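It should be emphasised that the depicted structure is a prediction, and the values quoted were computed from it without experimental measurement. All residue numbers refer to positions in the sequence shown, counting from 1.
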Amino acid sequence: MASPGPSQLYDYTEGASTVDINAAVQQTSRARRDSQHSDAYGGEDGVGAMFDGPAHATIPSSTSRMTYTDRSLAGRRSGEFSRNRRRSEDGRVSEGKGWTNRRMSTESQLSQGTEARRSEGEEVEGQEGIVGRGRRRKRSISPPLNQRTSVFENIAHLFGRSAAGESSARRPSFSQRSSASSTRRSRRSRQSDAGSDYALETDDEGDERWGYSSGEEDDGTNSVVSVNSTPSEIDYAASASLPLFSSDPIFGDEVRIDLGVPLETLDPPPPGPPSRQVIYIADEDSSIRFVGYEVVIWRQLLWRFCCFVTLGLLGLLGHWFPRLWLRWVVYEKAFKHLKHGFVVVESAHRDITLFPVKRLKYPYSRSTVFPTVSPEPNGRPGLLRRGSTSSPPKPNGDIVDMLQDLHIVDYRYSRFALDVQTGYFCMIRDWRDPYWTGLHSVHNGLSQPIRQQRLTLFGPNLVDIEGKSVMSLLIDEIIHPFYVFQVASIILWSLDDYYYYAFCIALISTLSVVTTLIDTKKTIRRMRDMSRFSCEVTVFADGTWVERDSSDLVPGDIINLSELRSTLFPADMFLLSGDAIVNESMLTGESVPVSKSPVKDDDISRWKDAKDVQGEMAKSFMHAGTRVVRIRNALALDGSAGRPALGLIVRTGFNTTKGALVRSMLFPKPMGFKFYRDSIRFIGVLAGIAGLGFCVSAVQFIKLGVKPSTIVVRALDLITIVVPPALPATLSIGTSFALGRLRKLGIFCISPTRVNVAGKINVCCFDKTGTLTEDGLDILGVRSLDRNVHRFGELIDNVHDLPSGRDRATFLHALATCHSLKMVEGDVIGDPLDVKMFEFTKWTLEEGLVAGTGIIKARGGAERPAALVQTVVRPPGSVQFRVEDALKLGTKHAHFLELGVIRTFEFVSNLRRMSVVVKRLKSSSMEIYVKGAPEVMGEICEKDSFPQDYDDLLSYYTRRGYRVIAIAGKSIEGLSWLKAQKMKREQAESGLRFLGLIIFENKLKPGTTPAIQTLRAAHLACRMITGDNPLTAVSVARECGLVNQAAHVFSPAFIQGNATTPLSRVEWSCMDDLSWKLDAYSLKPLTPPPHHTVDADEIDYQDYALVVSGDVFRWMINHAPLETLQRMLVKTQIFARMSPDEKNEVVERLQSLGYTVLMCGDGANDCAALKAADVGISLSEAEASVAAPFTSSTPDISCVIEVIKEGRAALVTSFSCFKYMALYSLIQFTTITLLYSFASSLGDFQFLYIDLFIIIPVAVSMGRTLPFPKVYPKRPTASLVSKKVLASLVGQIIITSAVQFWTFFWVRRQEWYSPPPGADPSREDNHLQATNYENTTLFLVSCFQYVLVAAVFSIGPPYRKSMWTNGWLMLAIITLSLFSLLVLLHPPKLLALILELMPIPFSARAWLVVFVGANVVLSLAFEQWATQVISQIIGVLLNWRRGKRRFREGKAYKAVEGGMR
């Protein structure tokens, strides 16, 4: 499937130099990028995108989506709170001008306040340098593959600190900004913003529209590709304010984290050179803070001594709480003065990591690493200019400019080097060779000394993931808080002679660790195999070609691509000569080949000043890891193969696009989920209960004369009882079984924690083409003109029925030539729409390389060869004619029909068309054919060439969901080849005659309609986010039931201004009756026209829907009133004409309103949205894809229902298991507390029997219950502190405790009862007496309670099937119940001896059975009926307390929906 081709940064300003453009940029406060991702002809998902146009030179080439992007100073944030705070902070940077509202060039001046901070030696309290202040919006990252899914997985993975153990909610999509989503800050003035609790503010980069001229000018023309200036390298800003969320230093507070959270405020830095720096990491879309620290030797020695004295406990606390260690052992010190220190790197999520400052021997010039500093008139250093040569070198090579050592920090495979002149770190990957001013400056390659210097600086060209040793992994695992707790428990039990129990727990823990280590090693090995790549390459060095391994490549190397011995590119590079076709599906998920042409002279100089690939550079940029389809040599002047295809290496290793992708997989951003946060807090509550219980017991112990050592051991033992070691394992059981069931259904997951999140989904977003509809397009037919009646003719589905026409420019010839197809190894490749159109003609295609070459003279006097004919097409059965005859006039061989494409004006997404110049064999004229969206034809065609029924027929097809492409053409007599090469695009695409329409059909997939109906029946909101036009999208939505057939659909249109005008006016009209409007502010229907039978106040909320196009969406994001924007987001069911970047924006905006969003797409042009969504599902045949957390091999959206059902079942299972483990702990806690009251306890084998033979089988089998077949309209709760959960848990605790208390006091009143002996202070061990009547009766009753609560908490419908369907659980419950009944009524003597049971009368045993029966009845009745009543009463009381505050924070969509009803 083709991807929508995003446009690139087009400015065809002719003759302007780079200096002129930079000057122009300095004079304007607003710069605009044209849409990076617009559809070819508005086609959705790029069906219709031109194969070789700028669209496919940028995306699907991940140029835009998978690279480090040069961001403006403003970034989009969905979290309004963090954005408001950021604005308040950033306002300090530039007085009077928020830096978020404009783009700054490298030459722009800082404000006075900022420059004052720049001067060396001047420090302001709280100042931190910010590198690359440009901010991007948040993105989704695919989690790593090393997630554990087995039952004996890393029990603690839910609570792990490591990035590998967390899934991500947001990953950088690497998708470049479209103008649609890059104009951030609104200049609107609206009263509603100030008072709204849900303000969704945006930042504006401004916009500046550029005209266009031919994109294919000769070499003398400076075609301006990008006017976006780079942000200043280093700026300074006050340290950020308090964070929105603070992370738990051990487990991590897993809430949904806003990536715009400011870094935590620190104390003022010490005076002198800088010791702090905030650096923006573009591809991670987050800021990190560097702080320099120096170790105090005597403090370090004292710390080590204390660790020794505390048996390592202090060291563990220092590891878990690094700030504790930092506070006591080190002090803050300037980066440049560090001797034996290190740098602490703090992420936006409060995670801190220590990195040593390495020293590299580096006897080279400072300019080989850092940008040069140009002096300002006031004597202070000015802006750092990357690659600037404006600062003259010091005479005689002053030694100050030479470095001896280079101080570096390697953070997440990104290298930062310390600039001793400024005292700040710079990112190495941003360095550019200052001498790259054009092609002439790079064609000689590098000398060996320079190569050695760059190899030292950048490192080898390998994406090589460091592997950890088994011992290192083992230590990392063991020092996790959970395993430390496990080890401490085992030691305690061993000291207490509980050897059997300690051995069993040790065995389980060892199995868990070993399983985790094996899994981790496999994951690392798989990642290394996937990412590591090298091959032999031919490099031009020191004037000769030499064979080298690709790992030795450095930026500036020239390699011979014609002799490349690999199907993958080894590094990021520019194509210097020749041409190439590449497959970039590794980056984009889309396999449409992309053509690459040689880089232009100006692009080399622009790359020197850019942080990333921009605009037209993308047409010549080839990414590491992408696949070679074809490489050809350049043309010589005589038409033969000339110089080989050459590539200029510009980025290597982890600095490449592939490196960024791998890094995003290794270090995903944490995703928050309320359940995990609440579970940690609940464990804390349990620990508090344990402490409280022991305080009571300790008082009793002292009264009974128990030894202090025994009291301490019993206190620690009580903690291990209340906080069970198996708790984390049980929380992952439901998820593990759900993953296994999904895998059987062909749905693969690389982020297990997302399974539970899927249980909370309340809005489902779908791509259209390839997701709701079939992947490919088929030609329904063509509609040519009937010139006699000036109307369209009949639909023609066979090319032989197509009339030939009297004009030279014919419809058939347009179909055969107006495309960008290539021939590779006998196969026609290119955009699927082009392929279908060409196959419809049944003609043959041949690339025109054999046609010889012509010479185009550039304005500078240079000459370049160009193929006379790019492509040759012939009708079926035609004999090949000699190419030379194609250029001769008056040839007699008229029966040879051959069309040669002389020139192609590639597809430009903002123009939404492409065109070709075609010469027919023996013809004295040339024809120009244009193919594009029907809406743009009116601008370039003569009005009288349109048939009378043009609008009617176009509306007819689009409303029925067909894709329509328009064709136009004209003939120019006497047009020579050279004039055609010099012709401007606006000359070619004007004065055309309309020729006809091509009708493509896109059928719904069979599973689409049933799935949509199921989701809507479950009250799940469904949204379509498509690149197709609104009429087609609405037709498909109605056909599949996403929009009710009877619903009135309203569509917006500009009646004043356009998408870039703040004061534009938008009018919403009913698509079926344009006279019916919506109120522009409230988005509620106005009074219907008289012929409607309903009144406006009778229109229900569900009776109408909205469809929004990309341009209106962009304008509303930037300029519409807040309430209108939020209502639009809540009410819109179809988002049409959306670029890939705008799809991502829709997802993030919905999330900002409190929705939990599922996005389902084909993984091609919607990668960013799939990663940004809470649950992303990619429809792909691959087992796992980096495009989304879930990958379905089933090619329809039925997988969405399965994921939601399994997610709900897993979430409910996790709740059930957690409640079960909590209640098990409290039941045992009650037993132990009662026994502690007279210095008794359970025996060793009693503990063993309960924990191993009852708890583990029941807990494991509880997770095997299957999901309910029907999706229930209401979502399960995700909060452990919800009314229903707490009512259930507290009620069951009261019932089970009451039964135990009753049993305890009952047994003491019996005639046969004899009190246990008192505590013996002379006992040497710490054991308590276990053989007594209280112990026996409480043990027998509690065994039933452990089994009973499993049945009570095994929730069935509406989210899981009934408990009876879970065979393993039923087997466990029945078996354990019968066995417990046997032990109660007639225990075998050996078993009674092992369990230390006292003999009691049979009548007493019968009474215990009655107590157990009463417990069963009370517990089941309470769970079935009383829980509902109590939760409702609590709800009423809470609502009464809240008063009118109906909606909780973060659920803005509920308030918006309520206001629209």
Side-chain angles (χ1 to χ4, degrees), residues 35 38-39 42 44 178-181 183 186 188 190 192 200 202 207 765 768 912 933 935-936 951 954-955 958-959 1023-1038 1042-1043 1047-1089 1096 1099 1101 1103-1139 1142-1143 1145-1146 1149-1150 1153 1456-1457 1459-1460:
S35 174
S38 295
D39 287 31
E44 197 246 350
S178 63
S179 62
S181 19
T183 53
S186 169
R188 58 187 180 275
R190 58 177 188 234
S192 61
L200 302 176
T202 52
D207 83 64
C765 300
K768 185 178 77 68
R912 297 169 63 193
E935 301 95 288
V936 303
D951 292 331
L954 184 60
S955 176
T958 53
R959 285 179 185 275
R1023 305 282 187 266
M1024 180 192 295
I1025 311 178
T1026 175
D1028 211 342
N1029 70 69
L1031 289 172
T1032 303
V1034 170
S1035 171
V1036 171
R1038 280 181 165 155
L1042 191 142
V1043 172
H1048 305 283
V1049 180
F1050 290 84
S1051 173
F1054 288 106
I1055 57 173
Q1056 178 181 317
N1058 53 37
T1060 63
T1061 310
L1063 298 179
S1064 297
R1065 288 180 56 202
V1066 171
E1067 183 179 73
W1068 296 79
S1069 305
C1070 180
M1071 299 182 73
D1072 300 315
D1073 185 352
L1074 296 179
S1075 61
W1076 190 6
K1077 311 293 182 185
L1078 289 184
D1079 180 83
Y1081 179 81
S1082 68
L1083 300 186
K1084 293 183 178 179
L1086 298 174
T1087 303
I1099 298 295
Y1101 177 78
D1103 287 343
Y1104 74 99
L1106 306 183
V1107 55
V1108 174
S1109 57
D1111 54 347
V1112 176
F1113 175 79
R1114 176 164 60 247
W1115 179 85
M1116 294 191 74
I1117 290 293
N1118 296 326
H1119 307 299
L1122 171 69
E1123 286 76 12
T1124 306
L1125 171 64
Q1126 293 181 333
R1127 290 175 180 227
M1128 180 273 290
L1129 291 168
V1130 168
K1131 190 59 182 163
T1132 301
Q1133 289 185 260
I1134 301 168
F1135 296 88
R1137 291 290 191 214
M1138 306 299 286
S1139 69
E1142 287 163 344
K1143 291 183 179 183
E1145 176 83 349
V1146 171
R1149 292 287 173 175
L1150 291 174
L1153 290 176
V1456 176
E1457 287 178 352
M1460 295 187 72

Checklist outcome for this item: Those residues at least two apart in sequence (or on a different chain) that pass side chain to side chain contact (heavy atoms under 4.5 Å, CB included) with Asp1079 are Tyr1081, Ser1082, Leu1086
Next on the checklist: Side chains of Ile1134 and Val1034, heavy atoms from C-beta outward: is any pair under 4.5 Å?
Outcome noted: yes
Checklist entry - Which pair of heavy atoms, one from Lys768 and one from Thr1026, lies closest together, and at what distance? => result CB-OG1, 3.6 Å
Next on the checklist: The test is side chain to side chain contact (heavy atoms under 4.5 Å, CB included); show your working for Trp1068 and Met1128 and say whether it passes.
Outcome noted: CA-CA 11 Å; Trp1068 296 79; Met1128 180 273 290; 4.1 Å; yes
Checklist entry - Is Lys1084 close enough and on-axis enough to Tyr1104, meaning under 6.0 Å and within 45°, for cation-pi? => result no
Checklist outcome for this item: In short, Met1138 meets Val1146 closest at the heavy-atom pair CE-CG2, 3.5 Å
Checklist outcome for this item: With sequence neighbours left out, the residues meeting side chain to side chain donor-acceptor pair (under 3.5 Å) with Ser1035 are none
Next on the checklist: Using the side chain to side chain contact (heavy atoms under 4.5 Å, CB included) criterion, which residues pair with Ala1080? Sequence neighbours excluded.
Outcome noted: none
Checklist entry - Heavy atoms, side chains only, cut-off 4.5 Å: are Leu1150 and Cys765 in contact? => result yes
Checklist entry - With sequence neighbours left out, what residues match Ile1055 under side chain to side chain contact (heavy atoms under 4.5 Å, CB included)? => result Arg1065, Glu1067
Item to check | Pairs touching residues 1049-1060 that satisfy salt bridge (charged side-chain N to carboxylate O under 4.0 Å, His left out), sequence neighbours left out | outcome: none
Checklist entry - Any side-chain heavy atom of Phe1113 within less than 4.5 Å of one from Thr1132? => result no
Checklist entry - Excluding sequence neighbours, so at least two apart, what forms side chain to side chain contact (heavy atoms under 4.5 Å, CB included) with Ser1051? => result Met1071, Val1107
